[in-house]
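Notes follow the structure.
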Amino acid sequence: MDTANACFGAHPKSLDKSESVTKRQILDLFEIPLPDLLVQAQKAHREHFDAREIRASTLVSIKTGACTEDCAYCAQSSHHADPVPYQPLMSVDDVLEAGRKAKAAGATRLCMGAAWRSPRTGPQFDAVLEMVRGVKSLGLEACMTLGMLDDEQAGRLKQAGLDYYNHNLDTSPEYYSKIISTRTFQDRLDTIRRVQEAGIRVCSGGILGMGESREDRAGLLHELANLPVPPESVPINKLMPMAGTPLSDAAPLDDLEIVRAIAVTRILLPATQIRLSAGRSSMSHALQLLCFLAGANGIFLGDQLLTAENPSQNEDKAMIESFGMVLRTEN
Ligand code: SAM
Ligand code: DTB
Ligand code: SF4
């Protein structure tokens, strides 16, 4: 294959399953010299987006800590030492107040996360539906990440107006069991299928820097690009090593590998929103600019992620302005 000119799926709508991209082809993309890879990613990006625009979502942790899952990267798991303190489900009013502030700061989407294996149907789930309706009425896109869903829950979230459901594959199928033992990769795929069948757009991505190989990174992108419907939104997280977790001492990933992974994601999924997600607080502005040049076009705006630190809103706005870029104000 001529890797320098490789380009798959000019548009996801034209993604022909008989021509699904192979993991070998993805690994070949990773090996393209950076100057050529960046140009190729930029070409794909500019066919679908204004490359100066950044979309901002704001996170709010609607239920924090005491999670039964054992995700090795997560400070909210009750399996690890020093988990973040438990906070029960927030009130609908408090979530809407967070939504108003996020909108005033320039966010177009509120991403509400709960530390659940899966939501229990009942009063708490009813409150979650109320949050979706309320956030929509503020003129924001609504995104939820609540763990595994059944068909009925996915249908009710759709009815309430949910725009996106975030459910990350996190890593390759092969590496997954080294990171999480309390659910399987197939469980993740099953929830993504249910969400898509309910007509909700999917936000699904992963974490880089958990000790995985490049082949695992290619494996994650292979799974995302070959979903029956590719995700409309892909968060790329850089591991934030959290005290007390099994990954607290993970060696940091090379900066340029993050840039490469974003560029390859952009080439594979040209019309997808790619969010440079957790881990920006340890990235220089210059590295973040490279990530945007590689095709990332979103960030989480807000002084905090779910529980971990994020650059301050003011710093992010100044950074974006210094690049001659703008926060997109429309959905
Ligand atoms: N409990 C739900 C679930 O796991 O599906 C939703 C919330 S969970 C915190 C959302 C995502 O945050 C995870 O899938 C993971 O990709 C990311 N994340 C969590 N902790 C992280 C960390 N320390 N560094 C980078 N990303 C992290
Ligand atoms: C995603 O991929 N990253 C966001 C969002 N989806 C929910 C969460 C990042 C969490 C980082 C660790 C924390 O704040 O606890
Ligand atoms: Fe729980 Fe989600 Fe953290 Fe895993 S990533 S421990 S499911 S909150």
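Counting convention: from 1, in listed order, for ligands and their atoms alike.
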Nearest-contact summary for [atom] - protein heavy atom, Å:
atom: atom 7 (C) of ligand 1; value: T145 OG1, 4.0 Å
atom: atom 27 (C) of ligand 1; value: I207 CD1, 3.7 Å
atom: atom 10 (C) of ligand 1; value: N166 OD1, 4.2 Å
atom: atom 21 (C) of ligand 1; value: Y73 CD1, 3.8 Å
atom: atom 24 (N) of ligand 1; value: M240 N, 3.0 Å
atom: atom 7 (S) of ligand 3; value: R183 NH1, 3.3 Å

Should you measure from each heavy atom of [X], which atoms of ligand 1 turn up under 4.0 Å away?
X: L306; answer: 9 (C)
X: A278; answer: 25 (C), 26 (N)
X: N168; answer: 11 (C), 13 (C), 14 (O), 15 (C), 16 (O)

Would [X] and [Y] count as having a side-chain donor-acceptor pair, cut-off 3.5 Å?
X: E69; Y: T182; value: yes
X: Y165; Y: R194; value: no
X: S248; Y: T245; value: no
X: R275; Y: S57; value: yes
X: E315; Y: S312; value: no
X: S77; Y: D70; value: no
X: D170; Y: Y175; value: no
X: Q273; Y: R201; value: no
X: N168; Y: N166; value: yes

Any [X] side-chain heavy atom under 4.5 Å of [Y] side chain:
X: V135; Y: M112; result: yes
X: I299; Y: I320; result: yes
X: I236; Y: V234; result: yes
X: Y86; Y: P88; result: yes

Ligand 1 contacted by [X] (non-hydrogen, < 4.0 Å):
X: M210; answer: no
X: A114; answer: yes
X: K238; answer: yes

### Query
Under 4.0 Å from ligand 1, counting heavy atoms only, is it the side chain of M242, its backbone, both or neither?
side chain

## Note on the structure
The answer for which part of D170 has a heavy atom under 4.0 Å from ligand 1 is side chain

### Query
Which protein N, O or S atoms does atom 3 (Fe) of ligand 3 have within a distance shorter than 2.8 Å?
C74 SG

### Summary
Honestly, for H79 the part within reach of ligand 3 (heavy atoms, under 4.0 Å) is neither

### Task
For the pair F49 and H45, name the ring-plane relationship: parallel under 30°, tilted 30 to 60°, perpendicular over 60°.
perpendicular

### Query
Would you say R188 and ligand 1 have an N/O pair spaced under 3.5 Å apart?
yes

### Message
If you measure every N or O of L239 against every N or O of ligand 1, does any of those distances drop under 3.5 Å?
### Response
no

Tabulate distances under 3.5 Å between N/O atoms of ligand 2 and N/O atoms of the protein, writing both atom names on each line.
| unit_1 | atom_1 | unit_2 | atom_2 | d |
| --- | --- | --- | --- | --- |
| ligand 2 | 2 (O) | N168 | ND2 | 2.8 |
| ligand 2 | 2 (O) | N237 | ND2 | 2.8 |
| ligand 2 | 3 (N) | N237 | OD1 | 3.0 |
| ligand 2 | 6 (N) | N166 | OD1 | 3.3 |
| ligand 2 | 14 (O) | L306 | N | 2.9 |
| ligand 2 | 14 (O) | T307 | N | 2.7 |
| ligand 2 | 14 (O) | A308 | N | 2.9 |
| ligand 2 | 15 (O) | T307 | N | 3.3 |
| ligand 2 | 15 (O) | T307 | OG1 | 2.5 |

### Query
So does K317 pair up with E321, basic N to acidic O under 4.0 Å?
no

### Task
Decide, yes or no, whether a salt bridge links R217 with E257 under the criterion of side-chain N to carboxylate O below 4.0 Å.
yes

#### Entry: Closest non-hydrogen atom pair between A225 and V21, with its separation
CB-CG1, 4.1 Å

### Query
Just to confirm, does any protein heavy atom lie below 4.0 Å from atom 2 (Fe) of ligand 3?
no

### Partner of L224 by side-chain contact (heavy atoms from CB on, under 4.5 Å), out of T272, L169, I192
L169

